[in-house]
Amino acid sequence: MNFDFARVFEQLTPLLWQGLYYTLYVSFVSIVAGMIVGLISCFMIISRYRILRILSGTFVWVIRGTPMLVQAMFFFFGVPQVLRMVVPGINETLTEILPFAVNIPMLFTPVQAGILTVALNAGAYFTEIFRAGINAVDKGQNEAARSLGLTQWKTMYKVILPQALRISLPPSVNQWIISVKDTSLLSAIGVGELMQQTRIYAGRTMINFESFIYVALWYLAILSVLMILAKKLETWVTYDRKN
């Protein structure tokens with residue numbers, strides 16, 4: 001059996017550089033959006049209003065309880081089908097409003113559907129990460145701030161949240177790592193990221209073993225940087241809390 005790693009390195013590398021752009025782009029936008037969604041959902045789930053707690057809890061339950069691949073298919077194939085049935089002519093209407101952004105039969109581009117999917121997934125997990133961070137802050141901090149005359153919102157914004165976000169940094173970086181790996185599932189809806197480029201190349205050349213070993217090394221290199229960052233942040237947070 002002869003392995004042709006040299007050929008894969010020469011031919012697949014330019015394709016992976018293209019795929020790396022989409023992997024990093026989708027990951028970055030999804031993580032930022034997911035953190036915003038997670039923070040809003042966290043405030044809802046710790047709210048005194050029952051309806052907000054129910055909405056946030058349902059969101060977390062549904063997203064965490066269903067496979068991400070199913071969600072990607074749902075947003076890319078399912079939602080546009082329903083919208084076309086409920087709102088006839090929606091594609092034409094959107095094309096008139098945004099002629100350059102929306103001119104596709106599926107309503108969402110693969111990248112848009114992918115970002116939406118990864119962002120909602122990350123948001124569900126960030127909800128629990130931020131809630132754990134807030135609960136980890138000493139309750140005396142809240143009592144002291146309120147005794148000084150700060151409102152509940154100012155106490156959360158100026159006292160509790162900065163400490164909670166610092167505590168949440170290590171698990172947040174772990175979630176970033178998971179989100180980057182999750183982008184590989186988006187090849188199923190045609191996002192041209194690392195996995196999709198490798199699948200196309202392997203399907204065209206029938207060089208499967210070497211191709212997937214090579215792309216695995218690319219993922220390992222990218223995620224190793226985030227793993228090192230997670231360790232550094234964990235050490236920093238632990239040292240800071242002890243002192």
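Fair warning: this is a prediction, and the values are worked out from it, not measured in the lab. All heavy atoms count here, side chains included; hydrogens, waters and symmetry mates do not.
A donor-acceptor contact closer than 3.5 angstrom links the side chains of Gln71 and Thr66. If you check the side chains of Tyr125 and Ser179, you find no donor sitting under 3.5 Å from an acceptor.
Across Pro171 and Ile129, no two heavy atoms sit closer than the pair O-CD1, 3.6 Å. Considering all non-hydrogen atoms of both residues, Gly133 and Ile167 come closest at O-CD1, 4.0 Å. Taking each heavy atom of Ile213 and Phe5 in turn, the nearest pair found is CG2-CE2, 4.0 Å. The shortest heavy-atom contact between Val37 and Gly123 is CG1-CA, 4.1 Å. The minimum heavy-atom distance between Ala230 and Val173, with the atom names listed, is CB-CG1, 3.5 Å. Pairing each heavy atom of Gln196 with each of Val191, the nearest pair is CB-O, 3.0 Å.
Put simply, the side chain of Arg50 reaches to within 4.5 Å of the side chain of Ile54, judged on heavy atoms. Looking only at side-chain heavy atoms (C-beta outward), Thr205 and Arg7 come within less than 4.5 Å of each other.
Linking ILVMFWY residues whenever their side-chain heavy atoms come closer than 4.5 Å, directly or via other members, places Tyr214 and Phe212 in the same cluster. Grouping the Ile, Leu, Val, Met, Phe, Trp and Tyr side chains by contacts below 4.5 angstrom, directly or via other members, places Leu12 with Phe9. Linking ILVMFWY residues whenever their side-chain heavy atoms come closer than 4.5 Å, directly or via other members, places Ile115 and Leu69 in the same cluster. Hydrophobic clustering (ILVMFWY, side-chain heavy atoms < 4.5 Å, transitive): Ile200 and Trp218 are in distinct clusters. Grouping the Ile, Leu, Val, Met, Phe, Trp and Tyr side chains by contacts below 4.5 angstrom, directly or via other members, places Leu223 apart from Val225.
Separating the CG atom in Leu165 from the CG atom in Leu161 is a distance of 4.0 Å, to the nearest 0.5 Å. Atom CD1 of residue Ile222 and atom CD1 of residue Ile177 lie 12.0 Å apart, to the nearest 0.5 angstrom. The distance from atom CG of Leu20 to atom OH of Tyr25, rounded to the nearest 0.5 Å, is 15.0 Å. Here the NZ atom belonging to Lys181 is positioned 10.5 Å from the CG atom belonging to Leu226, to the nearest 0.5 angstrom. The distance from atom CD1 of Ile46 to atom CG of Leu52, rounded to the nearest 0.5 Å, is 11.0 Å. Interatomic distance, OG1 of Thr117 versus CD1 of Ile189, reported as 5.5 Å (0.5 Å rounding).
Of the possible donor and acceptor atoms, none in the side chain of Gln11 sits under 3.5 Å from a partner among the backbone N and O of Val8. A donor-acceptor pair under 3.5 Å links the side-chain atoms of Ser56 to the main chain of Ser41, judged by distance alone. Judged by distance alone, the side chain of Ser187 and the main-chain N or O of Ser184 form a donor-acceptor pair under 3.5 Å. Looking at Glu210, its side chain does come within 3.5 Å of a backbone N or O of Asp4 through a donor-acceptor pair. Using modelled atom types, one side-chain atom of Arg53 and one backbone atom of Ser47 make a donor-acceptor pair closer than 3.5 Å. Between the Thr23 side chain and the Leu194 main chain, a donor and an acceptor come within less than 3.5 Å of each other. Although no hydrogens or angles enter the test, the distance criterion places a donor-acceptor pair under 3.5 Å between the side chain of Thr183 and the main chain of Val180.
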Show, in sequence, the C-alpha distance, side-chain angles and deciding distance for Met227 and Lys231, and conclude whether the side-chain contact (heavy atoms from CB on, under 4.5 Å) test is met. CA-CA 6 Å; Met227 291 177 190; Lys231 286 291 184 182; 5.9 Å; no
Any chance you could lay out the side-chain contact (heavy atoms from CB on, under 4.5 Å) test for Trp17 and Gln197, step after step, and finish with the verdict?
CA-CA 9 Å; Trp17 280 116; Gln197 298 289 355; over 6 Å; no
Going through the checks in order, is the side-chain contact (heavy atoms from CB on, under 4.5 Å) test met by Phe76 and Thr109?
CA-CA 8 Å; Phe76 188 60; Thr109 66; 5.9 Å; no
One pair to check against side-chain contact (heavy atoms from CB on, under 4.5 Å): Leu39 and Met35. What are the steps and the verdict? CA-CA 6 Å; Leu39 196 57; Met35 293 182 73; over 6 Å; no
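The 12-atom threshold is not exceeded at OH of Tyr22, counting heavy atoms of other residues, nucleotides or ligands nearer than 6.0 Å. Annotation for Phe28: atom CZ does not count as buried by contact number, only 12 or fewer foreign heavy atoms lying within 6.0 Å. The 12-atom threshold is exceeded at OH of Tyr219, counting heavy atoms of other residues, nucleotides or ligands nearer than 6.0 Å.
Judged as a side-chain contact (heavy atoms from CB on, under 4.5 Å), and not counting sequence neighbours, the contacts of Glu128 are Ile45, Val60, Arg64, Arg131.
Taking the six-membered ring where tryptophan is involved, the planes of Phe130 and Phe126 are essentially parallel, since the angle between them stays under 30° and well short of 60°.
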